[in-house]
Amino acid sequence: MDDKFAAKFVSHKISRTRWRPVSASSLQQPDVFATGSWDNEENKVCVWATSDFGAISLEEEYQGDPKQLCDIRHIGDVMDMQFLDQERIVTASSTGTVTIFRHHENNQTLSVNQKWEQAHYHVGSNMRAPCTGIVCSSPEIVSVGEDGRINCFRAESRDVVRTIDDADSSTMHGVTFLRTTEILTVNSVGQLKLWDLRKQGNDPTQIFSVTGERVPLHCVDRHPNQQHVVATGGQDGMLCIWDVRHGKMPMSLLNAHKAEMWEVHFHPSNPDHLFTCSEDGSLWHWDASADTEKPTFLIGGRSTFNISRSSIAHTNANQSLACVWLSTDPTKGHLEITNLLPSSTLSVNSLDVLGQNLVCGTDAEAIYVTRRLFS
């Protein structure tokens with residue numbers, strides 16, 4: 001394991017890890033994160049501190065285990081989790097319920113702030129369906145589930161704002177905002193769908209897929225600056241980069257992990273860097289900012305990979321701001337990949353990255369944290 005990671009062994013499998021957001025105006029590094037568990041007799045949401053709040057400067061080396069501040073019981077597996085703001089955490093449960101927890105920093109406790117019971121269920125049998133994904137843009141919350149349903153909530157409203165009942169005939173696995181009123185979903189038959197929440201009806205605006213393949217997609221993330229650029233990962237471990245302005249196919253398909261890719265995240269402020277984690281126990285850092293002149297023999301400890309398909313975006317004279325993920329040709333060594341957890345064998349289920357900080361959680365009942373990601 002990379003020596004810049006601190007490992008914390010906990011007594012439960014970790015399904016989700018998320019940094020608490022820091023205000024854009026502050027120079028403060030994130031120092032609090034939340035975890036959710038799964039496949040345990042009793043699941044929990046926990047809040048952790050990486051240090052004695054703010055006691056560490058950027059120059060100081062971070063050493064020491066994360067410290068648990070508080071926890072609360074979570075009914076069902078935590079299928080997904082997002083911070084709504086600095087105090088509230090939203091979870092998706094395998095019971096179909098969406099819950100908002102409030103973190104009370106004055107006495108370090110968690111409480112249930114609001115919940116929507118059985119937001120996801122199978123019509124007819126009325127059986128609960130797992131809520132598989134959520135995304136938040138305060139006060140808006142969107143959930144997707146195994147029932148193929150999309151729900152829109154508002155944090156202060158007890159009622160569901162909108163439901164698209166038959167949004168998908170298959171399981172939806174992930175959701176993210178493209179713009180304020182548009183979302184992207186991925187499903188179990190390999191489709192990426194774009195939805196405009198302003199429009200009535202149950203149909204997506206666009207459907208994208210890899211031709212002839214129905215490999216389930218598990219995760220999706222949008223480039224923070226160039227919103228048309230989208231990354232997805234799925235059951236075959238492949239990384240797909242899409243340009244939702246052009247065509248129905250991914251711009252590039254990169255062979256990556258040996259098993260399911262569970263999460264993909266562009267770095268929010270340095271999006272030439274992308275991070276993925278997998279069932280195969282690996283946590284990959286994809287660096288597309290590399291100097292193209294760098295001799296290949298200087299690149300140590302890198303994974304090699306093959307490109308299956310790459311149709312590079314049409315360039316034009318004005319495309320000086322072209323996204324590196326659409327123009328990178330991985331066959332020419334412009335992309336460096338490092339496995340940050342080379343000794344891991346059990347699934348890395350989740351990761352989150354913010355500034356110099358990365359946290360991930362595993363089926364080996366461990367949390368790994370670094371605060372020196374690029375050093």
Side-chain angles (χ1 to χ4, degrees), residues 1-2 4-10 12-19 30 33-39 48 66 77-82 92 132-135 173-176 186 215-223 230-241 254-268 270-271 273-288 301-303 305 325 335-354 356-371 373-374:
M1 186 185 74
D2 194 312
K4 61 188 173 193
F5 277 86
K8 176 75 174 179
F9 290 94
V10 293
H12 44 268
K13 295 179 183 176
I14 300 294
S15 57
R16 284 293 181 268
T17 56
R18 297 287 181 258
W19 288 108
F33 64 90
T35 60
S37 71
W38 82 289
D39 194 28
W48 306 79
D77 294 340
V78 177
M79 304 290 285
D80 202 4
M81 182 169 66
Q82 294 279 326
T132 52
I134 48 167
V135 66
H173 285 143
V175 58
T176 193
V186 289
V215 176
L217 293 175
H218 290 302
C219 52
V220 57
D221 196 28
R222 184 208 76 197
H223 192 288
V230 175
T232 63
Q235 187 166 302
D236 55 4
M238 192 89 67
L239 175 66
C240 300
I241 305 292
L254 306 175
N255 281 333
H257 299 281
K258 297 186 181 74
E260 293 92 335
M261 184 188 295
W262 292 130
E263 287 199 341
V264 56
H265 293 285
F266 287 103
H267 191 285
N270 200 353
H273 298 263
L274 181 141
F275 298 84
T276 59
C277 62
S278 170
E279 179 72 26
D280 67 11
S282 60
L283 170 69
W284 281 15
H285 172 195
W286 304 68
D287 180 359
R302 310 293 179 192
S303 302
F305 63 97
W325 295 103
L335 193 55
E336 293 183 10
I337 302 171
T338 309
N339 183 6
L340 300 176
L341 295 178
S343 60
S344 178
T345 51
L346 292 179
S347 179
V348 181
N349 296 323
S350 183
L351 74 99
D352 197 25
V353 60
L354 191 57
Q356 281 270 13
N357 307 273
L358 184 145
V359 59
C360 69
T362 75
D363 271 355
E365 304 187 346
I367 302 161
Y368 296 96
V369 182
T370 181
R371 307 193 72 190
L373 187 57
F374 296 117

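Quick caveat: nothing in here was measured; it's all calculated off a predicted structure.
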Worksheet item: Is the distance between the ring centroids of Phe275 and His265 under 6.0 Å?
Response: no
Worksheet item: Can you say whether the rings of Trp284 and His257 are parallel (under 30°), tilted (30 to 60°) or perpendicular (over 60°)?
Response: tilted
Worksheet entry | Side-chain heavy-atom pair Ile14, Asn349 within 4.5 angstrom cut-off | no
Worksheet item: Quick one: does Met261's side chain get under 4.5 Å of His218's, heavy atoms only?
Response: no
Worksheet item: Under 4.5 Å between any side-chain heavy atoms of Leu340 and Leu283, yes or no?
Response: yes
Fill in: Nearest atoms (heavy-atom pairs only) where Arg18 meets Leu351
NH1-O, 3.3 Å
Practice prompt. Determine whether Asn255 and Met238 make a side-chain contact, defined as any pair of heavy atoms from C-beta on separated by less than 4.5 Å.
Written response: yes
Worksheet item: For the residue pair Phe374 and His267, does the interplanar ring angle fall in the parallel (under 30°), tilted (30 to 60°) or perpendicular (over 60°) class?
Response: tilted
Worksheet, complete the sentence: Heavy-atom closest pair (Val348 atom, Cys360 atom, distance to 0.1 Å) is CG1-CB, 4.1 Å
Worksheet entry | Point-to-point distance, once rounded to the nearest 0.5 Å, from CZ of Arg16 to CE of Met79 | 8.0 Å
Worksheet item: Do the side chains of Leu217 and His173 get nearer than 4.5 Å, heavy atoms only?
Response: no
Discussion item. Counting C-beta onward and ignoring hydrogens, is there a side-chain heavy-atom pair between Ile367 and Val359 closer than 4.5 Å?
Written reply: yes
